[in-house]
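Per chain, numbering begins at 1; letters A, B, ... match sequence-line order. Keep in mind that the numbers below use all heavy atoms, side chains included, and drop hydrogens, waters and symmetry copies.
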Amino acid sequence: MLMYSSCKQAEPHQDTVDIKTDTNKTTLVEPDGTYKKVQLEKDTIVLKVMQTRVKSLSSFPSIEEGLEENLSYMEHMASQAQNEGHKPDIILFHEFPLTGYSSGTRQEKLPFTIEVPGPETIRIGKIAQACDCYVIFGSYVRDQNWPDHILSINTVMGRDGKIAKTFWKSRNIKRIYKDREITTTTIEAVRDAYRAKYGIEEEFPVLRTEFGNIAVSTVQFDPFIYAAFAMRGTEIMLRTATLFAEEDVVFTAWSNDFYSAMANFTLPVSTGYNAGESVIVGPNGDILAKHPSKEDDGIVEAKIPIAAFRKDRTIPNYALEITKPVFEQYKQEIPINHLDMDKTSLPKTGVEMKSLMDSISRYNPPKTAN
Amino acid sequence: MNTHLKHFQVLLLIFLVACHTKTEATSTPTPEESVNTDRKTSYLNAPKPFQVWVDARAGSGWGNQ
């Protein structure tokens with residue numbers, strides 16, 4: 001099995017595991033509260049969060065033109081990050097700086113995705129090489145191993161310009177829409193097939209770098225997901241968003257004892273959305289940096305004293321034993337593996353996705369948006 | 001007399017058009033336009049779930065503002 005998370009510049013998911021990994025034979029969490037890490041290169045690192053606008057590929061005359069403009073803008077912003085303030089060690093873009101958002105059916109949305117690896121990761125890898133830092137960005141992704149699935153993936157480009165790691169989205173928020181559900185494929189949606197292909201360690205992966213243990217996620221309002229990342233040894237929890245709640249980021253960092261950041265996109269205030277206001281927060285819930293604008297692009301940065309933070313640190317002290325009897329009886333509404341099906345059966349729209357979820361709901365009645 | 005009547009009719013028409021325009025500008029939003037009070041949507045700082053908004057603007061060139 002490939003141990004991607006311990007290999008700084010490994011190509012993720014380039015090989016497959018033929019059999020499911022047995023949970024009992026794999027150490028996911030050390031019993032004494034310690035966690036794996038690699039030697040730090042410096043005591044303090046600089047994290048920069050890129051708050052940028054969205055230009056959806058679907059709004060350009062051609063996909064190529066859209067990708068070119070969006071890549072150029074990422075290069076421009078990264079150059080600004082290099083030349084202003086402190087030299088960055090990690091640059092974090094938001095959820096969809098390359099593709100933006102698209103509408104329509106699954107087949108109509110699929111063209112507005114990228115491949116990882118692909119021409120775009122090569123280009124963004126050059127940004128990482130130029131600034132000698134990790135560059136992280138989210139994107140809609142298509143993958144021939146997952147035909148017709150639309151994946152939501154955060155990719156980490158290493159300082160050598162190669163892919164250091166990819167982070168699939170763990171799960172989607174549900175019952176937020178009255179008439180639809182999110183159709184992207186997450187780990188939860190194909191968990192068994194994902195585990196068979198990549199291994200159980202990759203369900204909550206951690207990239208152990210010379211700047212600290214990092215993980216990346218687009219999940220929101222989901223305390224168990226972040227507790228799992230913390231148990232796995234995450235020290236810096238990087239998050240990408242399509243809108244977010246500051247309270248979620250602050251409390252998630254505070255309750256899981258890790259540094260965290262949220263890269264949000266911008267929208268004109270006239271749209272009615274309160275976008276922007278990207279943040280970097282500390283493990284005690286302090287906001288270390290925050291972009292002042294909802295609609296202006298820009299960069300926020302903070303220094304993270306990773307060596308001091310790591311010294312004598314163990315993973316958080318959760319109330320698992322006392323809550324376990326309750327958790328063991330709890331059934332989540334929608335079973336995992338709900339998109340593990342032939343590609344012709346995949347829900348084509350959000351409305352079809354909602355129909356699927358309603359049909360397999362364990363709750364009576366099925367949950368609805370408020 | 002006829003001239004006065006025509007002037008009155010024109011003024012009345014302008015008054016009615018002005019009233020109609022003002023009414024439109026300050027009318028109460030329809031439920032679809034109003035602020036969504038859904039708990040999670042509100043936490044996301046959103047007047048409505050984002051994909052709904054994106055879909056409503058599909059083909060309008062949104063994304064290039």
Side-chain angles (χ1 to χ4, degrees), chain A residues 53-61 65-66 69-70 95-96 99-104 108-109 112 173-184 220-222 241-249 264-277 294-295 349-351 368-370, chain B:
Chain A
R53 87 286 186 273
V54 170
K55 289 196 174 185
S56 296
L57 293 180
S58 54
S59 64
F60 285 90
E65 287 174 74
E69 179 165 333
N70 286 340
E95 191 176 7
F96 299 123
T99 63
Y101 303 86
S102 56
S103 289
E108 288 169 336
K109 287 180 173 181
F112 303 118
I173 196 167
K174 298 174 185 65
R175 306 310 192 186
I176 195 170
Y177 297 94
K178 296 184 191 315
D179 63 344
R180 70 192 76 182
E181 294 291 339
I182 299 169
T183 52
T184 50
Q220 300 196 47
F221 307 114
D222 222 319
T242 296
L243 306 173
F244 76 105
E246 188 175 287
E247 299 92 323
D248 178 30
V249 181
N264 198 12
F265 69 133
T266 57
L267 274 178
V269 173
S270 60
T271 60
Y273 287 89
N274 292 314
E277 298 183 329
K294 303 176 195 299
E295 60 184 5
T349 63
V351 173
T368 58
N370 290 356
Chain B
M1 193 67 182
N2 279 347
T3 307
H4 283 121
L5 184 60
K6 279 183 182 171
H7 280 160
F8 175 75
Q9 285 174 329
V10 169
L11 287 170
L12 182 63
L13 184 63
I14 291 170
F15 175 75
L16 290 173
V17 168
C19 284
H20 180 69
T21 306
K22 187 174 175 56
T23 303
E24 273 194 342
T26 58
S27 63
T28 306
T30 64
E32 181 60 19
E33 293 166 336
S34 64
V35 172
N36 191 320
T37 54
D38 173 81
R39 184 172 58 87
K40 283 183 176 170
T41 308
S42 299
Y43 282 164
L44 289 171
N45 292 317
K48 66 179 73 170
F50 191 66
Q51 188 65 44
V52 175
W53 189 78
V54 171
D55 288 349
R57 280 151 185 78
S60 69
W62 172 78
N64 268 331
Q65 75 272 28

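In this model, a donor atom of one side chain and an acceptor atom of the other lie less than 3.5 Å apart for T242(A) and Y101(A).
The contact between I173(A) and chain B is made entirely by side chain atoms (from C-beta outward), counting heavy-atom distances below 4.5 Å. Neither the backbone nor the side chain of E246(A) comes within contact range of chain B; no heavy atoms are under 4.5 Å apart.
For chain B, the option among G100(A), G66(A), S102(A), A241(A) with the highest count of heavy-atom pairs below 4.5 Å is S102(A).
The six-membered or imidazole ring of F265(A) lies away from that of F96(A), with a centre-to-centre distance of 6.0 Å or more.
Residues meeting the ring-ring contact (aromatic ring centres under 6.0 Å, His included) test with Y273(A), sequence neighbours left out: F50(B), W53(B).
In summary, D55(B) and R180(A) engage in a salt bridge, as defined by a charged side-chain N under 4.0 Å from a carboxylate O.
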